[in-house]
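Let me begin by presenting the structure, written as structure tokens, before commenting on it.
On a predicted model such as this, the values are computed, not experimentally measured, just so you know.
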Amino acid sequence: QVQLQESGPGLVKHSQTLSLTCTVFGGSITASHYAWSWIRQPPGKGLEWMVFIGYDGSTYYSPSLKSRTSISRDTSKNQFSLQLSSVTPEDTAVYYCAREFRTVGYDYWGQGTQVTVSS
């Protein structure tokens, strides 16, 4: 089965850039027709989709986060990464990477990683 694992610092300073990497095992990030997403859940709130990168490298961003969000991939390492700039304490959340398959939805998720933005 497919496994995803988030990695990156758990603490980021206010106004700096959050950077996380998702490593995918058991499935290629270039395989048709999957998309690879970053999703977050602030404490006490629901899941918030942020961005995905498609198997073909196409990217789509949440309008509310687009100005601060960047996604990239390294196909040789089967990884994709998130950068969120100008962070505030409101960006404190558990961050997940997940695979999306059309008609199915998010079929595989990473375990999530807690990121805290210092005030």
Problem - Distance-only polar pair, side chains of Gln83 and Ser19, donor-acceptor under 3.5 Å - result: no
Practice task
Give the minimum heavy-atom separation between Val87 and His14, together with the two atoms involved.
Solution key: O-CD2, 3.2 Å
Fill in the blank from the handout: CE (Met50) and CG (Leu20) are apart, to the nearest 0.5 Å, by 8.5 Å
Fill in the blank from the handout: Nearest heavy-atom contact between Ile71 and Thr59 is CG2-CG2, 3.6 Å
Practice task
Determine whether Gln3 and Gln5 make a side-chain contact, defined as any pair of heavy atoms from C-beta on separated by less than 4.5 Å.
Solution key: no
Fill in the blank from the handout: In terms of heavy-atom contacts, Gly46 and Pro42 come closest through O-CD, 3.6 Å
Exercise for the section: Report the distance from atom CZ of Arg73 to atom SG of Cys22, rounding to the nearest 0.5 Å. Expected result: 13.5 Å
Problem - From CH2 (Trp49) to CD1 (Ile39), nearest 0.5 Å - result: 9.5 Å
Handout entry: hydrophobic_cluster_shared for Tyr96 and Phe25, side chain cutoff 4.5 Å
Key = no
Practice task
Answer with yes or no whether the hydrophobic clustering places Trp109 together with Ile29; edges join I, L, V, M, F, W, Y residues whose side-chain heavy atoms lie under 4.5 Å apart.
Solution key: no
Handout entry: Contact check, side chains of Leu11 and Ser118, non-hydrogen atoms, under 4.5 Å
Key = yes
Practice task
Describe, in one word, how the ring planes of Phe101 and Tyr34 are oriented to each other, choosing from parallel (under 30°), tilted (30 to 60°) and perpendicular (over 60°).
Solution key: tilted
Practice task
Examine Trp36 together with Phe52 and report whether their ring centres are nearer than 6.0 Å.
Solution key: no
Completion exercise
Output for pair (Leu84 CG, Thr69 OG1), nearest 0.5 Å, gives 5.0 Å
Exercise for the section: Verify whether the ring centers belonging to His33 and Tyr55 lie closer than 6.0 Å. Expected result: yes
Exercise for the section: Go through Asn78 and Thr23 one step at a time and tell me if the side-chain contact (heavy atoms from CB on, under 4.5 Å) criterion holds. Expected result: CA-CA 6 Å; Asn78 214 37; Thr23 303; 5.8 Å; no
Fill in the blank from the handout: Between the NZ atom in Lys45 and the CD atom in Glu90, the distance rounded to the nearest 0.5 Å is 5.0 Å
Exercise for the section: Is it possible for you to say whether Leu65 and Trp38 belong to one hydrophobic cluster, with membership spreading through side-chain heavy-atom contacts below 4.5 Å? Expected result: yes
Fill in the blank from the handout: In terms of heavy-atom contacts, Cys97 and Phe80 come closest through CB-CZ, 3.7 Å
Exercise for the section: Establish, from distance only, whether the side-chain atoms of Thr30 and Ser28 form a donor-acceptor pair under 3.5 Å. Expected result: yes
Handout entry: In one Ile/Leu/Val/Met/Phe/Trp/Tyr side-chain cluster, 4.5 Å: Val115, Val94
Key = no
Problem - Short side-chain donor-acceptor distance under 3.5 Å, Ser15 and Ser86 - result: no
Problem - Spatial distance of atom CZ (Arg99) from atom CG (Asp107) [nearest 0.5 Å] - result: 4.0 Å
Exercise for the section: Show the numbers, then the answer: is there a side chain to side chain donor-acceptor pair (under 3.5 Å) between Ser85 and Thr17? Expected result: CA-CA 4 Å; Ser85 65; Thr17 297; 5.2 Å; no
Handout entry: Gln111 and Glu6, any side-chain heavy atoms less than 4.5 Å apart
Key = yes
